[in-house]
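Here is the structure we will look at.
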Amino acid sequence: MRCERVALSITAAALGCCVFARFHGMPQGVWGALLLIESGAALLLLLGLWTPVAGVVIACCELWIVFSGGGEFWLPLVLATLGATLAMIGPGACSIDALLFGRKQIRPFSR
């Protein structure tokens, strides 16, 4: 299991949206929608299902939190970066994506 995937999903679900959305002065409807979207993406990441899509969704939600207002922005920025890297590198061997679609490996050209 890829540790980055698990760490990002737990952190995004627990801290990423709940704590920072309250302090950024967002309306409650926007905060609720952001909470549902990011929690759903965090659950998909934890399971390893649709990892590239879930990584991009988390990155977009966290960037929205960063650019929506003042306050602390370092943790959402780090979570956005981790979401983008997970979208690029994939879920790892122990994931539902690997079982459904196979594991993609990049091999360099041999001479």
Side-chain angles (χ1 to χ4, degrees):
M1 187 177 309
R2 200 168 283 240
C3 294
E4 180 185 9
R5 189 183 81 217
V6 174
L8 175 63
S9 64
I10 291 171
T11 306
L15 295 175
C17 185
C18 298
V19 174
F20 287 100
R22 292 178 194 239
F23 295 113
H24 280 268
M26 289 183 187
Q28 190 171 4
V30 173
W31 176 77
L34 192 62
L35 176 65
L36 286 175
I37 291 169
E38 192 165 6
S39 297
L43 180 65
L44 288 176
L45 270 183
L46 187 62
L47 295 174
L49 181 63
W50 294 348
T51 305
V53 175
V56 168
V57 167
I58 285 185
C60 290
C61 288
E62 294 296 333
L63 284 175
W64 187 10
I65 291 171
V66 167
F67 292 117
S68 67
E72 183 66 35
F73 64 91
W74 288 109
L75 184 58
L77 189 63
V78 169
L79 291 176
T81 305
L82 286 174
T85 59
L86 263 177
M88 289 186 271
I89 63 174
C94 296
S95 66
I96 297 176
D97 279 345
L99 293 174
L100 292 176
F101 307 114
R103 186 136 187 245
K104 309 293 188 271
Q105 293 182 355
I106 299 172
R107 295 196 175 122
F109 294 111
S110 60
R111 293 182 178 184

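Everything numeric in this text was worked out from a predicted model, so none of it was measured.
Taken to the nearest 0.5 Å, the OG1 atom of Thr51 stands 10.0 Å off from the CD1 atom of Ile89. Distance CG/Leu45 to CD/Glu38: 10.0 Å, rounded to 0.5 Å. We find the CG-SG distance between Leu36 and Cys61 to be 10.5 Å, quoted to the nearest 0.5 Å. Between Leu49 atom CG and Leu100 atom CG the span is 7.0 Å, to the nearest 0.5 Å.
Taking the side chain as every heavy atom from C-beta outward, Leu44 and Val57 never approach each other to under 4.5 Å.
No continuous path of hydrophobic side-chain contacts links Ile58 to Met88 [ILVMFWY only; heavy atoms under 4.5 Å]. A continuous path of ILVMFWY side-chain contacts below 4.5 Å connects Phe101 to Leu47, so both sit in one hydrophobic cluster. In terms of hydrophobic clustering, with Ile, Leu, Val, Met, Phe, Trp and Tyr side chains grouped at heavy-atom distances under 4.5 Å, Leu99 and Trp50 are assigned to different clusters. In the hydrophobic cluster analysis, where Ile, Leu, Val, Met, Phe, Trp and Tyr join through side-chain heavy atoms closer than 4.5 angstrom, Leu82 is grouped together with Leu75.
Closest approach of Ala84 to Ala59, counting heavy atoms only: N-CB, 4.0 Å. Taking every heavy atom of both residues into account, Leu77 and Val66 meet most closely at N-CG2, 3.7 Å. Here the closest heavy-atom approach between residue Ser95 and residue Gly48 is recorded as CB-O, 3.6 Å.
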